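Okay, structure first, notes after.
Everything numeric in this text was worked out from a predicted model, so none of it was measured. Remember, it's 1-based here, ligands and their atoms both numbered in the order they're listed.
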Amino acid sequence: MKILIAGGHIIDPSQGIDEVGDILIEGGKIREVRCHGKAGEKEVNEGRDLKEGRIPYSRLTAHGLEIIDSRGMFIMPGLLDMHTHLREPGFEYKETIKTGTKAAIQGGFTSVCCMANTYPINDSATVAGFILKKAAEEGSCSVYPIGAITKGQRGDELAELGMMFDAGCVAFSDDGSPVMGSLIMRRALEYSKIFDIPIISHCEDLTLSGGGLMNEGRLSILLGLRGIPAASEEIMVARDIILSELTKGRLHIAHVSTEGSLKLIRDAKDRGINITAETCPHYFSLPEGAVGDYNTDAKVNPPLRTERDVTAIKEGLREGVIDVIATDHAPHHRDEKLREFEVAPFGISGLETALPLSLKLVSEGVLTMPQLVERMALNPARILKIDKGTLKVGSDADIVILDTNREFKVEAEKFASMGKNTPFDGWILKGRAAVAIYKGKVNNL
Ligand code: DOR
């Protein structure tokens with residue numbers, strides 16, 4: 001079956017495409033991209049029917065050709081989330097590869113990279129192989145495992161990086177448990193050069209965060225909750241930048257949350273140090289006040305920060321100092337999040353809200369649409385050397401058709417993810433994926 005996506009506004013920064021056109025899919029691959037010229041407001045909105053409940057695109061099948069009328073929509077590469085927790089093996093009561101990849105598709109992600117803090121930890125070719133096999137059998141999108149940096153994520157001995165690389169790991173990270181020892185981090189960065197894949201650093205000085213529960217400041221004092229100072233992130237960002245300068249290894253800084261971290265990364269990049277960085281939608285959408293009523297769904301690590309940090313993170317995205325928007329999708333069981341703030345686990349279920357929250361950056365004028373696609377698809381693919389994030393002819397037909405006018409209410413209970421833990425429940429957001437095509441398979445959302 002051939003599929004023609006007709007008349008949408010194609011955004012593909014990998015080829016500099018930002019215009020109305022059609023895409024032909026055959027055999028799960030992109031066969032042809034035809035552009036008709038620059039999209040004007042009128043053209044983009046032509047064919048739109050905004051009446052409640054009406055699907056504004058249509059599908060027609062004739063003579064073995066399915067036509068998806070996407071006038072009024074954006075057509076862009078499927079998104080790639082380089083920071084997802086799929087929880088399987090070991091924590092299937094929180095999420096599985098099956099449910100997590102379904103949630104990804106709902107959110108417009110056709111590829112996810114899963115962190116190593118499973119049980120057992122993904123610190124061997126065996127666990128990486130299990131994840132890939134399970135994903136091939138039950139997954140709705142591509143899954144790329146990220147191997148642990150240290151055995152058991154204990155921070156004292158390097159894991160078998162070479163074997164995990166051979167098994168298909170695309171990066172190494174002890175995310176969730178920062179690598180405290182500088183020598184072992186140095187070695188990891190040296191090794192990363194052999195494989196030319198990044199070390200993803202969860203930057204946190206545990207001795208300084210000292211069991212903290214939220215951002216340290218006036219609010220943490222008022223709430224009587226132990227605080228995590230911005231400095232506990234920034235000290236490790238500074239250390240890892242220095243180690244990356246020393247080793248010339250490939251460093252990617254995970255979930256940047258503070259203005260200070262941003263300044264360090266900007267300065268490092270200005271000095272020509274080869275590092276990359278990501279942030280997550282909650283760090284540019286929500287300040288620390290969200291935990292004000294001891295809402296455990298807003299408890300995340302690093303913690304939500306101040307208004308000033310939120311503004312700085314947006315600025316970092318605008319400038320390109322922050323290369324990537326990743327979700328840090330961290331599903332937890334409802335019973336765990338129902339516990340007291342002190343003992344509830346850190347994490348936000350993020351796959352199904354990331355794109356609409358990021359689209360707010362476009363409406364606020366922080367990012368252009370091509371920049372958004374860069375941060376959510378092309379840049380992560382480039383950083384991880386994954387052949388995705390593009391609409392080039394011959395690529396997998398991983399495509400999102402985006403309706404920027406569709407308003408909807410976030411209803412966590414309806415998430416495909418088993419993790420309903422989101423501080424955005426009940427928010428009215430505008431814009432979401434209407435169709436997610438994965439290797440030519442069409443998912444109407
Ligand atoms: O909030 C978080 N949750 N931050 C992390 O670094 C780990 C994650 C998890 O695994 O739940």
Side-chain angles (χ1 to χ4, degrees), residues 81-97 99-100 103 112-123 127 131 145-150 152-153 155 171-180 199-206 209 211-215 225 228 232-233 236-237 240 252-258 261 277-283 285-286 288 290-291 295-305 324 326-337 339 341-351 353-354 417-424:
D81 185 20
M82 67 181 292
H83 192 146
T84 308
H85 296 270
L86 288 179
R87 305 297 192 206
E88 189 175 358
F91 301 106
E92 291 83 354
Y93 69 94
K94 295 178 194 260
E95 188 82 288
T96 64
I97 289 170
T99 57
V112 295
C113 305
C114 55
M115 282 295 173
N117 59 345
T118 49
Y119 186 77
I121 300 275
N122 181 17
D123 61 0
V127 180
I131 292 168
I146 295 172
I149 297 173
T150 65
Q153 292 193 323
F172 300 111
S173 180
D174 275 5
D175 183 67
S177 336
V179 179
M180 290 297 293
I199 298 294
I200 302 178
S201 180
H202 168 128
C203 290
E204 180 184 1
D205 182 339
L206 288 176
S209 39
L213 304 164
M214 65 167 291
N215 184 48
L225 294 173
I228 303 174
S232 92
E233 176 174 314
M236 291 306 240
V237 170
D240 287 348
H252 176 82
I253 298 173
H255 40 50
V256 174
S257 74
T258 78
S261 297
E278 78 191 23
T279 191
C280 314
H282 37 276
Y283 300 118
S285 305
L286 209 56
E288 58 179 351
V291 300
N295 179 5
T296 57
D297 285 338
K299 181 180 177 187
V300 63
N301 190 18
L304 301 176
R305 304 285 188 181
V324 169
T327 69
D328 195 2
H329 176 74
H332 290 291
H333 193 276
R334 176 199 289 280
D335 293 352
E336 298 173 301
K337 282 290 197 179
R339 298 174 75 197
F341 198 90
E342 174 131 17
V343 284
F346 291 99
I348 290 175
S349 181
L351 281 168
T353 49
S417 169
M418 288 164 68
K420 317 296 182 193
N421 46 304
T422 172
F424 303 108

Checklist entry - Do Lys299 and Leu213 have side chains that get closer than 4.5 Å, going by heavy atoms? => result yes

Next on the checklist: Within this structure, what is the CZ-CD1 distance for the pair Arg305 and Ile228, rounded to the nearest 0.5 Å?
Outcome noted: 6.5 Å

Checklist entry - Who's touching ligand 1 if we go heavy atoms under 4.0 Å? => result His85, Arg87, Asn117, Asp175, Gly176, His202, His255, Val300, Asn301, Asp328, Ala330, His332, Phe346, Gly347

Checklist entry - Excluding sequence neighbours, so at least two apart, what forms side chain to side chain donor-acceptor pair (under 3.5 Å) with Ser232? => result none

Checklist outcome for this item: Closest heavy-atom pair, Thr353 versus Phe424, reported as atoms and distance to 0.1 Å, is OG1-CD1, 4.3 Å

Checklist entry - Side-chain contact, heavy-atom cut-off 4.5 Å: Ile253 with Asp240? => result no

Checklist entry - Hey, does the side chain of Thr118 reach the backbone of Pro120 with a donor-acceptor pair shorter than 3.5 angstrom? => result yes

